[in-house]
K.L.:
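Questions regarding the structure given below will be posed in turn.
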Amino acid sequence: MTQNNIKSMIDSELRQIKLNDEIQNKIRSKAVSRNPGRAWRSLAASFAVVALAGTTVYAGNHILNKVHVNEEVLPELDPMQIVQMNELEAVPDEYRTINKDYSDYNAIKDALGVKLLDTELSLDNPYMLCRVKTDMQDFAIITVNNYILGDTDSYRFIEAENRYSYRHGKEYYSPVSLTADLILSEDQMRNGWDTDYLGLYEFVESYTSDQGYRVNIIQDTVNAEDPEAYVSEKAAVFVANGVRYSLKGRVSIDTLKNIVNTMR
């Protein structure tokens with residue numbers, strides 16, 4: 001994969017970032033993945049820094065697929081594994097990357113032929129915005145915005161921005177999104193795939209879900225001085241059946257844990 005290809009992927013991801021106005025004004029960093037397609041990516045302030053990566057070695061052992069928060073290595077998750085998926089019927093772009101949109105999460109599962117976790121909380125949801133990004137060789141990234149709506153409502157599609165506006169609820173201050181990272185090759189497995197949360201984020205806790213998944217909880221610290229007036233964006237990151245999942249939204253930690261417990 002060329003450096004231009006890597007830059008194109010980052011630019012595409014940056015265009016998809018949709019945050020509320022308060023966070024846009026205060027957060028200038030984003031959780032980013034290192035090493036998809038044998039490269040690492042780091043976003044700091046409002047600039048993307050691109051470089052080719054070698055392997056990272058600690059005490060003589062290569063620790064794969066780590067999650068960091070501002071350079072702090074979080075507790076180890078269950079191991080990622082190589083996943084077999086169907087070839088997608090799509091034309092790659094000039095950088096040999098496929099970006100394909102789908103009507104809903106079930107359509108993605110059918111197209112990829114991969115058994116992915118899902119929850120009944122996402123049923124009968126017409127507002128999902130779903131995409132698969134892959135080079136069909138090393139990696140695939142599934143994103144599902146508005147995956148779980150909770151008690152949010154009044155959804156309205158903004159075509160110019162390819163997103164929905166909504167009204168927050170009492171339990172869900174935002175819908176919950178889903179990301180799934182799939183390793184497709186031995187090369188990618190050897191190289192690893194790290195994820196960094198940079199900037200205004202902090203590690204909250206690590207725990208084991210009802211299904212036995214090892215889960216890390218992360219949240220933003222945009223308004224830590226007045227937590228009663230602000231619902232922080234939180235993420236639950238875990239690996240199941242070799243696939244790394246992230247559930248992210250502005251909900252309470254208890255609500256996020258309950259969502260994880262429904263993922264089957």
K.L.:
Output the distance between atom CG (Asn125) and atom CD1 (Ile148), rounded to the nearest 0.5 Å.
P.N.:
9.0 Å
K.L.:
What is the ring orientation for Phe238 with Tyr213, classed by angle as parallel under 30°, tilted 30 to 60°, or perpendicular over 60°?
P.N.:
parallel
K.L.:
A side-chain contact here means heavy atoms from C-beta on lying under 4.5 Å apart; do Val204 and Lys234 qualify?
P.N.:
no
K.L.:
Can you get from Tyr95 to Met136 by hopping between Ile, Leu, Val, Met, Phe, Trp and Tyr side chains that sit under 4.5 Å apart?
P.N.:
no
K.L.:
Ignoring hydrogens and geometry, is there a side-chain-to-backbone donor-acceptor pair from Asn65 to Gly192 under 3.5 Å?
P.N.:
no
K.L.:
With heavy-atom distances below 4.5 Å as the criterion, would you say the side chains of Ile183 and Asp138 are in contact?
P.N.:
no
K.L.:
Parallel, tilted or perpendicular: which fits the ring planes of His168 and Tyr173, with parallel below 30° and perpendicular above 60°?
P.N.:
parallel
K.L.:
With a 4.5 Å limit on heavy-atom distance, are the side chains of Tyr147 and Leu121 in contact?
P.N.:
no
K.L.:
Nearest heavy-atom pair of Val260 and Ser209: which atoms, and what distance?
P.N.:
CG1-CB, 3.9 Å
K.L.:
Under the rule for side-chain hydrogen bond (donor to acceptor under 3.5 Å, both in side chains), what residues qualify as partners of Thr262, not counting sequence neighbours?
P.N.:
Thr119
K.L.:
How close do Cys130 and Val144 get, heavy atom to heavy atom, and via which atoms?
P.N.:
SG-CG1, 3.7 Å
K.L.:
Are Val215 and Trp193 grouped together when hydrophobic residues (ILVMFWY) are joined by side-chain heavy atoms under 4.5 angstrom apart?
P.N.:
no
K.L.:
Group every Ile, Leu, Val, Met, Phe, Trp and Tyr by side-chain heavy-atom contacts under 4.5 Å, then state whether Ile108 and Ile141 land in the same group.
P.N.:
no
K.L.:
Just verifying a value: how many Å separate Thr195 OG1 and Lys66 NZ, rounded to the nearest 0.5 Å?
P.N.:
10.5 Å
K.L.:
Are the side chains of Leu116 and Tyr245 in touch, meaning some heavy atoms are under 4.5 Å apart?
P.N.:
yes
K.L.:
Tell me every residue that passes side-chain contact (heavy atoms from CB on, under 4.5 Å) with Asp151, counting only those two or more places apart in sequence or in another chain.
P.N.:
Lys170, Glu171, Tyr172
K.L.:
CG of Asn258: more than 12 outside heavy atoms within 6.0 angstrom?
P.N.:
yes
K.L.:
How long is the span from the CZ atom in Phe139 to the CG atom in Leu182, to the nearest 0.5 Å?
P.N.:
11.0 Å
K.L.:
Compare every heavy atom of Asp78 with every heavy atom of Gly212, then report the nearest pair and how far apart it is.
P.N.:
O-OD2, 4.1 Å
K.L.:
Among Asp101, Asn162, Thr143, which one satisfies side chain to side chain donor-acceptor pair (under 3.5 Å) with Arg131?
P.N.:
Asp101
K.L.:
Determine whether Leu112 and Leu88 make a side-chain contact, defined as any pair of heavy atoms from C-beta on separated by less than 4.5 Å.
P.N.:
yes
K.L.:
In Å, rounded to the nearest 0.5 Å, how long is the span from OG1 of Thr134 to CE of Met85?
P.N.:
3.5 Å
K.L.:
What residues, two or more places apart in sequence or in another chain, satisfy salt bridge (charged side-chain N to carboxylate O under 4.0 Å, His left out) together with Arg264?
P.N.:
none
K.L.:
Is Arg250 reaching over with its side chain to a backbone N or O of Val231, donor-acceptor style, under 3.5 angstrom?
P.N.:
yes
K.L.:
Over all heavy atoms of both residues, which pair between Met263 and Gln211 is shortest? Give the atoms and the distance, please.
P.N.:
O-NE2, 2.7 Å
K.L.:
Measure across Asp124 and Pro126 and return the closest heavy-atom pair with its distance rounded to 0.1 Å.
P.N.:
O-CD, 3.4 Å
K.L.:
Return the set of residues passing salt bridge (charged side-chain N to carboxylate O under 4.0 Å, His left out) with Lys100 (not counting sequence neighbours), or none when no residue passes.
P.N.:
none
K.L.:
Could you check if a side-chain atom of Leu149 sits within less than 4.5 angstrom of a side-chain atom of Tyr155, using non-hydrogen atoms only?
P.N.:
yes
K.L.:
Given the rule that I, L, V, M, F, W and Y join up when any side-chain heavy atoms are under 4.5 Å apart, are Val83 and Val237 in one cluster?
P.N.:
no
K.L.:
Can you name the residues that form a side-chain contact (heavy atoms from CB on, under 4.5 Å) with Asp104, not counting sequence neighbours?
P.N.:
Asn106, Ala107, Met128
K.L.:
The criterion is side-chain hydrogen bond (donor to acceptor under 3.5 Å, both in side chains); which residues satisfy it with Gln81, sequence neighbours excluded?
P.N.:
none
K.L.:
For the pair Asp135 (side chain) and Thr97 (backbone), establish whether a donor and an acceptor sit closer than 3.5 Å, ignoring hydrogens and angles.
P.N.:
no
K.L.:
Quick one: side-chain contact (heavy atoms from CB on, under 4.5 Å) partners of Ser177, sequence neighbours excluded?
P.N.:
Asn145, Lys248
K.L.:
Please report the closest heavy-atom contact between Ile217 and Ala236, naming both atoms and the distance.
P.N.:
CD1-CB, 3.7 Å
K.L.:
Tell me, do Asn241 and Val243 make a side-chain contact under 4.5 Å, heavy atoms counted?
P.N.:
no
K.L.:
Got a sec, which residues hit side-chain contact (heavy atoms from CB on, under 4.5 Å) with Pro75, two or more places apart in sequence or on another chain?
P.N.:
Phe203, Ser206, Asn216
K.L.:
Between the main-chain N or O of Leu200 and the side-chain N or O of Asp220, is there a donor-acceptor pair closer than 3.5 Å?
P.N.:
no
K.L.:
Between Ile142 and Thr179, is the side chain to side chain contact (heavy atoms under 4.5 Å, CB included) condition met? List the steps.
P.N.:
CA-CA 5 Å; Ile142 298 167; Thr179 302; over 6 Å; no
K.L.:
So which pairs with a foot in residues 108-123 pass salt bridge (Lys or Arg N to Asp or Glu O under 4.0 Å), sequence neighbours left out?
P.N.:
Lys109-Asp118
K.L.:
Keeping Asp210 on the side-chain end and Asn261 on the backbone end, is there a donor-acceptor pair under 3.5 Å?
P.N.:
no
K.L.:
Students often mix this up, so state it plainly: with edges at 30° and 60°, are the rings of Tyr127 and Tyr164 parallel, tilted or perpendicular?
P.N.:
perpendicular
K.L.:
For Ser252, what residues pass the side-chain hydrogen bond (donor to acceptor under 3.5 Å, both in side chains) criterion, not counting sequence neighbours?
P.N.:
Thr255
K.L.:
Is there a path of hydrophobic side-chain contacts, each under 4.5 Å between heavy atoms, that joins Tyr230 and Ile253?
P.N.:
no
K.L.:
With sequence neighbours left out, what residues match Glu87 under side-chain hydrogen bond (donor to acceptor under 3.5 Å, both in side chains)?
P.N.:
none
K.L.:
Listed by chain and number, what are the salt bridge (charged side-chain N to carboxylate O under 4.0 Å, His left out) partners of Lys257, not counting sequence neighbours?
P.N.:
Glu205
K.L.:
Say whether, by atom type as modelled, one donor and one acceptor occur between the side chain of Thr208 and the main chain of Arg214 under 3.5 angstrom.
P.N.:
no
K.L.:
Hey, are the side chains of Ile82 and Glu186 touching, using non-hydrogen atoms and a 4.5 Å cut-off?
P.N.:
yes
K.L.:
Just how far is it from atom OG1 of Thr152 to atom CZ of Arg167, taken to the nearest 0.5 Å?
P.N.:
10.0 Å
